[in-house]
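Read the structure below first, then the notes.
Just so we're clear, the structure is a prediction, and the values are computed from it rather than from any experiment. What's counted below: heavy atoms across the whole structure, side chains too, no hydrogens, waters or symmetry copies. Positions are given from 1 along the sequence.
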Amino acid sequence: MTTFVLRWLHILALFAVLLYNWLADARPFNGLNTSDLTAMFPSTMNPAPYSLALWGAVYVFLAGFVIVQLLPGMYKHEEIRRIGPWFVISCLFNIASLVLWHYLFIVPALMAMMILLLSLIVIYTRTRPNGLSSDPRILWLVQVPFSVYLSWVFVMTMVRISAVLQEFNQGGLDFSGMVWTVLMLFIIVAVAAITGMNFRDSAFIWPAAWGLIAIGIANSYNDTIFYTAWSAAGLLLVLTAMLLFGQGKLEHRKPFTKAL
């Protein structure tokens, strides 16, 4: 596949994602909107509805990516070239996850979302062969967009795992209860903190903090979940500030873990 074809496929793939997400609200698939689906799969991991607005920021960032990769000379940059077909793959599974979830094929929808997550992990590592780029166009329009996208998809995957496990729970375990929720919150904060420190990536941390705050707000009636979520979010925000203030010293350094 030529680079010319691939660059235009990136644009078409993102356009398809935006179209399907618009249709999911304007003409809900299977007659179910986001609120209906949340009500059908109640879980203490469900964040407050306002938090889903972050999807808009994600897609604005991705629009910046597909534009910058079209500019003359930009595709020669290793951070863009190494993405290959993975962005198109991620878009296909983004759409698949959305449509399958609306039609209540919840296990296939979860599988599609996990493949989306895996494809974004590949993109994330491949866009950081030398750590954070000193080129602001690469940093802000390639690396940061996929940091935010991956982090938010990770949080939403944790939310969906909880919903699916609760739906098929046959063993008496409460996958929507307090203990399970606190465990999932711990996983989110641990992954966000480790990834952020390893790649010195503050942009990966704050979407996770955003999600934790929203989960806390949605569980304001439960002191344990509320304070755990907000404390975890506070920890991540402190770590974000530390990375931002130390960014000048760490600029253009490789992460501890080598990129793929």
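A donor-acceptor distance shorter than 3.5 angstrom exists from the side chain of Thr125 to the backbone of Ile121, with no hydrogens or angles considered. Side-chain N or O atoms of Ser119 include one that pairs as donor or acceptor with a backbone N or O of Leu116 at under 3.5 Å. At distances below 3.5 Å, not a single donor-acceptor pair connects side-chain atoms of Gln143 with backbone N or O atoms of Arg128. Thr127 contributes a side-chain N or O that, together with a main-chain N or O of Tyr124, makes up a donor-acceptor pair within less than 3.5 Å. Using a distance-only test at 3.5 Å, with no hydrogens or angles considered, no donor-acceptor pair links the side chain of Asn219 to the main chain of Asn222.
When every heavy atom of Asp36 is checked against every heavy atom of Gly31, the shortest pair comes out as OD2-O, 3.9 Å. Smallest separation of non-hydrogen atoms from Ser133 and Leu139: O-CB, 3.9 Å. Here the shortest heavy-atom pairing between Val164 and Ile106 reads CG2-O, 3.9 Å. When all heavy atoms of Ser147 and Ala203 are compared, the closest pair comes out as CB-CB, 3.8 Å. Here the shortest heavy-atom pairing between Phe41 and Ala163 reads CB-CB, 4.0 Å. When all heavy atoms of Ala48 and Ala218 are compared, the closest pair comes out as N-CB, 3.7 Å.
The shortest side-chain heavy-atom distance between Tyr59 and Asn21 falls under the 4.5 Å cut-off. Residues Met184 and Ile187 are in side-chain contact: their nearest non-hydrogen atoms beyond the backbone lie under 4.5 Å apart. Looking at Trp180 and Leu165, their side chains come closer than 4.5 Å, going by heavy atoms from C-beta outward. Side-chain contact check for Phe87 versus Leu62: some heavy-atom pair is nearer than 4.5 Å. Between Leu32 and Tyr103, the closest side-chain pair of non-hydrogen atoms is not below 4.5 Å. In this structure, Leu239 and Leu235 have side chains that are not in contact, with every pair of non-hydrogen atoms separated by 4.5 Å or more. Proximity of Leu243 to Phe199: side-chain heavy atoms (C-beta onward) are nowhere separated by under 4.5 Å. Proximity of Val159 to Pro47: side-chain heavy atoms (C-beta onward) are separated by under 4.5 Å at one or more points.
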Q.
Determine whether Val144 and Val148 satisfy the following criterion, side-chain contact (heavy atoms from CB on, under 4.5 Å), listing intermediate values before the conclusion.
A. CA-CA 6 Å; Val144 169; Val148 176; 4.2 Å; yes
(Q) Does Val107 form a side-chain contact (heavy atoms from CB on, under 4.5 Å) with Leu110? I'd like the steps, not just the answer. (A) CA-CA 5 Å; Val107 174; Leu110 176 59; 5.7 Å; no
Q: Please report the C-alpha distance between Val142 and Arg137 in whole Å, then the side-chain angles of each, then the deciding distance to 0.1 Å, and finally whether the side-chain contact (heavy atoms from CB on, under 4.5 Å) criterion is met.
A: CA-CA 7 Å; Val142 180; Arg137 296 171 300 177; over 6 Å; no
Q.
Applying side-chain contact (heavy atoms from CB on, under 4.5 Å) to Ile215 and Thr44, what does each step give before you reach the verdict?
A. CA-CA 7 Å; Ile215 292 170; Thr44 48; over 6 Å; no
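Val66 is connected to Trp22 through a chain of hydrophobic side-chain contacts under 4.5 Å among Ile, Leu, Val, Met, Phe, Trp and Tyr, so both are in one cluster. Taking hydrophobic clusters as Ile, Leu, Val, Met, Phe, Trp and Tyr residues chained together by side-chain heavy-atom distances below 4.5 Å, Trp206 does not share a cluster with Val60. Trp152 and Ile194 are members of different hydrophobic clusters when ILVMFWY side chains are connected at heavy-atom separations under 4.5 Å. Taking hydrophobic clusters as Ile, Leu, Val, Met, Phe, Trp and Tyr residues chained together by side-chain heavy-atom distances below 4.5 Å, Tyr227 does not share a cluster with Phe186. In the hydrophobic clustering of ILVMFWY residues, with side-chain heavy atoms under 4.5 Å counting as a link, Leu52 and Leu120 come out together.
Going from atom CG of Leu236 over to atom OG of Ser231 covers 11.0 Å, rounded to the nearest 0.5 Å. Rounding to the nearest 0.5 Å places CD of Gln69 at 5.5 Å from NE2 of His10. Atom CG of Leu118 sits about 10.0 Å away from atom CG of Leu150, to the nearest 0.5 Å. Note: Ile11 CD1 to Ile67 CD1 = 8.0 Å, rounded to the nearest 0.5 Å. Here OG of Ser35 is found 9.0 Å from CG of Asp25. Values are rounded to the nearest 0.5 Å. For the atom pair CE of Met178 and OG1 of Thr224, the computed distance is 4.5 Å after rounding to the nearest 0.5 Å.
Enclosure of atom OH in Tyr20 is not indicated, since only 12 or fewer non-hydrogen atoms of other residues, nucleotides or ligands lie within 6.0 angstrom. Summarising the local packing, CH2 of Trp55 is surrounded by more than 12 heavy atoms from other residues, nucleotides or ligands at distances under 6.0 Å. Open room surrounds CZ on Phe4; 12 or fewer heavy atoms of other groups in view lie less than 6.0 Å from it.
Inspection of the Thr38 and Asn46 side chains reveals no N or O donor paired with an N or O acceptor under 3.5 Å.
For Trp86 and Phe146, the gap between ring centers reaches or exceeds 6.0 Å. Taking the centre of each ring, Trp210 and Tyr50 come in below the 6.0 Å mark.
Note on ring orientation: taking the six-membered ring where Trp is involved, the planes of Phe29 and His102 are perpendicular (angle over 60°, cut-offs 30° and 60°).
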